[in-house]
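Step one of this worksheet: look at the structure below.
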Amino acid sequence: MHILLERSGRDAARLTWLESARRDADAAPERSRVVPLAGLPGLVAAEEAASERPRWVWDDTRAWYPALLAAGVRVERCVDLRLCHAILRTSTLTAATALATAEPGPWDAMEEPVVEAAPRHTALFDLDDAPDDPASSATGSAATVGAPAGRDPRAEFALQEDAVAQSADPRRLRLLLAAESAGALIGVELQHAGLPYSAQRHDELLTGLLGPRPAYGRPAVLEELTRAIRDGLDSPELNPDSPPDLLKALQRAGVMATSTRSWELRRIEHPVIEPLLRYKKLSRLLTANGWTWLDAWVHDGRFRPDYVPGGVVTGRWATRGGGALQLPKQVRGAVVADPGWKLVVADAAQLEPRVLTGLAADQAMAAAGRGKDLYEGIVASGAVDERAHAKVAMLGAMYGATTGESGRLMPRLQRAFPRAVALVEEAARAGERGEKVTSRLGRSSPLPGTGWAAAQAAAFAADSTAADERRARSRARDWGRFTRNFVVQASAAEWALCWMAELRNRLTALAPGAALTEAPHLVYFLHDEVIVHTPADRAEEVAAAVRAAAEQAGRLLFGAFPVEFPVTAAIVDSYAEAK
DNA sequence: TTAACGCGCGCG
DNA sequence: AAAGCGCGCGCGTTAA
C-alpha cells in the first residue's frame, strides 16, 4: 500500500491512499484526507502501527521526515520522488520512457532543502516554506519544501512507475529506488540520533597536541613551530599558511621544492622540514577540527552532520558542513559510547574490488577473496608476490593508473583476472567515446559537458592542429577514467545502501516498537563503514546483524554468484579502538 | 567589499 | 611511493 503525502495549502497535508500507481480515468476515485500539519505525526504513527506498513510517497524525505522524527514517529518505507527522479532521468535502462524523454521540468531543478540539526529544529514543519507563500518562493532558498507550482507528486509517481515498468530491468531498478529511498530515511535518522561525541575528550586531545585554547592567535605549539620555521628559513616575517610565500622562502633557503605539498617536502633533507611538516599536520587539525569546529558541530554530546544521500554522481553520499565524511583518525578517540552502551564499528573489507568481482562475474577473483583478505588471495593466486602489490594493482585497475608501479603490475593482474580487468577497461572505452556507463542496479553516469564534445569535434575538424588532437585525446582519457571508476564506485554505493537498509530493518526487529535512540540504532555512515550505538547487552546481536545484512546485500546485487562480502564488526567504547 | 578560484589535505 | 577515482572544507590569493 502506498500513501501519497503532499502539502495542502499553508498548514495542512493531504494523504491519498493509492490503490495502484496508475490513475485510470475509469477507476474509482482515490481516498484522500486533509489534516492540519500538527495532526500529521499522529496519523502517520497510526498507519505505521497497522499490520501492513505503508510506503509513504513524498516529494522529498528531507522536507517531511525530520519533523516526524522530532515528534517521535518513525517511518519504515518511503518513495523519495526527488531522488528517484534523478536516477530514472539519466538511467540507460529507462532511456526510452516518457519520464526520461520529457523536457526538463520542476523535478530536475530541485535542490535538497537544508535540514537544521534536530535539537534546534523547533517548528514541527516550517510554515515559511509553504507552497503558496510568495515570499519564500521568491527567495529561492528552501522554497522546494512542499509542492511548489508545477510539481505534481501524484503525476510524478505514476510517471516513475511507468518508467520502471517499461525499463530494461524493472527488478534491479525497483531495488535501486527502494534502497535510495531507504537511504534518504537513514540520512535523516542519522542526523536525528547524532554520533555520540565527547566534547571534553576532543578538547583534551586538542590541548594535548596544540596547547590550551588561545583567546586569539595561534595556540602555543603552533606558535613555537612558526618560530622554528622562520628561524630555519631565515624569514622572520614568514606566514607558513601562505603556500606561495612558503615556497619562495624555501627556495631562498636552498630547498628546491616545486610545491609545498607534504609528500613532496617529506623527501627533502633539511632541518626546517621536520618542524614544517609538524606545523602543517597540527595546523590542519586546528583549522578543520579545532575548537571552532567543536563549538559549531557538537552539542549535547552529539555530532550531527547534515548527510546528503545521493549527493555524489556515483550515488555516494555527501555531507554539508561539519566535514563528517572526513573525520580524521586523529580525533576518533572523542567518539565514545554512552555509559552502558557500546559502539559496533563495522567495515566492509575491500568492498570495491569485491563489487568488481561480482560485476564481472570473475570466478578466479571470487576464489581469491573467499574466506580471506582479497589481496592476500591475489598473492596466493600467484599473480603478484606481496599484498601491497595486489592492493596497488587493484586500485590502479579501478582508477585507471597507467604509470608507476601500479601501471607496471596491470598486465599480471590482467592475466590472472581477465574478466574483472576487461570490465573496467570496457567502461573506460565507453567513456572515451562519450557514452554513458551504468551501475549494477541501474544508475548511469552523466554525459560529458559541452566543452568535452567541443574538444572532440575540434580534433576531427578539417583544420585541426596536433594540439587540438592532443587535447581531445587527453580529455577523452580523463572521462574514460571517470566512467571506469563510476561502474565500480556506483555499484559499491548500491551495495552499501542495501547493506544499511537491511541492517536498519534488522535493528528495528531487535527492539520492535522502541523509540529510535532507545534501542540499537545507526549513528554513522562512511561509504563502506557504519557505526551502531547499542545497549551493551545487545552488542553481539548487532554485530551478527551487521554480518547478516552484508551477506544479504551481496545476494541482492549479485544473486547466486559466489562473491563474499566479509565485514569486520568491532564492539568498542571508542571509535579509535576499532582497527 | 565580495565572489570565485586554486591549493592542500582530510576521508573512502 | 605519491600516480589513477570520488568528495568537502578552510585558507590565501586574485578578480570583479
Side-chain angles (χ1 to χ4, degrees), chain A residues 218 238-248 257-268 276-277 279-290 292-293 296-297 305-332 347-353 355-356 388-389 391-410 413 424-425 427-428 431 437 439 443 445-446 474 477-493 495-496 524-530 575:
Chain A
R218 293 190 176 91
L238 176 67
N239 171 13
D241 292 322
S242 166
D245 292 357
L246 179 59
L247 188 59
K248 273 179 238 151
T258 59
S259 80
T260 64
R261 296 186 186 100
S262 290
W263 62 259
E264 186 177 342
L265 297 178
R266 205 162 290 136
R267 297 163 43 198
I268 297 171
L276 181 54
L277 290 175
Y279 177 89
K280 280 170 150 295
K281 185 82 183 162
L282 291 174
S283 167
R284 166 79 192 183
L285 174 65
L286 175 69
T287 54
N289 297 96
T292 313
W293 175 87
W297 290 101
D306 185 8
Y307 291 94
V308 186
V312 177
V313 277
T314 57
R316 274 188 172 184
W317 290 17
T319 56
R320 195 157 34 203
L325 302 184
Q326 299 104 251
L327 196 67
K329 296 205 161 88
Q330 264 172 317
V331 306
R332 292 183 179 181
D347 180 301
Q350 306 102 34
L351 177 58
E352 292 197 347
V355 165
L356 172 56
H389 287 165
K391 181 172 179 175
V392 86
M394 276 308 306
L395 294 177
M398 294 185 298
Y399 293 164
T402 51
T403 60
E405 185 172 39
S406 184
R408 282 196 298 280
L409 289 166
M410 279 293 285
L413 197 71
V424 287
E425 287 295 326
V437 294
S439 70
R443 194 188 306 263
S445 63
S474 159
R477 276 195 301 265
D478 288 348
W479 199 258
R481 283 194 302 278
F482 165 63
T483 52
R484 169 196 295 270
N485 185 250
F486 182 97
V487 291
V488 178
Q489 190 182 117
S491 302
W495 182 91
Y524 192 60
F525 172 54
L526 185 55
H527 307 315
D528 61 356
E529 193 176 330
V530 298
Y575 191 9

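Because the structure is a prediction, the values reported are computed rather than measured. Below, chain A is the first sequence line, B the second, and so on; all start at residue 1.
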**OP:** Starting from the C-alpha separation in whole Å, work towards a yes-or-no answer on salt bridge (Lys or Arg N to Asp or Glu O under 4.0 Å) for A:Lys280 and A:Asp241.
**Re:** CA-CA 8 Å; A:Lys280 280 170 150 295; A:Asp241 292 322; over 6 Å; no
Subject >> Test side chain to side chain donor-acceptor pair (under 3.5 Å) applied to A:Ser283 - qualifying residues, sequence neighbours left out >> reply: none
Grab the N/O contacts between the protein and nucleotides 13-16 of chain C below 3.5 Å, and write none if there aren't any.
residue	atom	partner	partner atom	Å
C:dT13	OP1	A:Ser242	OG	2.6

Subject >> C:dC5 phosphate, OP1 or OP2, under 4.0 Å from A:Thr314 side-chain N/O >> reply: no
Original post:
Has A:Lys280 got a side-chain N or O lying under 4.0 Å from the OP1 or OP2 atom of B:dG8?
Top reply: no
Original post:
With a 4.0 Å cut-off on heavy atoms, is A:Thr402 in touch with a base, just the backbone sugar-phosphate, or nothing at all?
Top reply: nothing
Original post:
Looking across every strand, which nucleic acid part, if any, lies under 4.0 Å from A:Arg261 by heavy atom: base, sugar-phosphate, or nothing?
Top reply: sugar-phosphate
Original post:
Side-chain donor or acceptor of A:Arg284 under 3.5 Å from a matching atom on the base of C:dG10?
Top reply: no
Original post:
Would you say A:Lys391 reaches C:dA1's phosphate, i.e. side-chain N/O to OP1/OP2 under 4.0 Å?
Top reply: no
**OP:** Would you indicate which nucleotide in C:dG4, B:dG10, C:dG6 comes nearest to any side-chain atom of A:Tyr399?
**Re:** C:dG4
**OP:** Please report how far the helix from B:dT1-C:dA16 to B:dG12-C:dC5 bends, comparing the axis fitted to its first five pairs with the axis fitted to its last five, to the nearest 10 degrees.
**Re:** 10°
**OP:** Determine the contact category for A:Val313: base if any of its heavy atoms lies under 4.0 Å from a base atom, sugar-phosphate if only primed atoms, P, OP1 or OP2 are that close, otherwise nothing.
**Re:** sugar-phosphate
Original post:
Which part of the nucleic acid does A:Leu351 contact within heavy-atom distance under 4.0 Å: base, sugar-phosphate only, or nothing?
Top reply: nothing
Original post:
Ignoring hydrogens and angles, does a donor from either the side chain of A:Arg481 or the base of C:dC5 sit under 3.5 Å from an acceptor on the other?
Top reply: no
Original post:
How would you label the contact of A:Arg332 with the nucleic acid (heavy atoms, under 4.0 Å): base, sugar-phosphate, or nothing?
Top reply: sugar-phosphate
Subject >> Closest non-hydrogen atom pair between A:Tyr524 and A:Leu325, with its separation >> reply: OH-CA, 4.4 Å
**OP:** Have a look at A:Gly322 and say if it touches a base, only the backbone sugar-phosphate, or nothing, with a 4.0 Å heavy-atom cut-off.
**Re:** sugar-phosphate
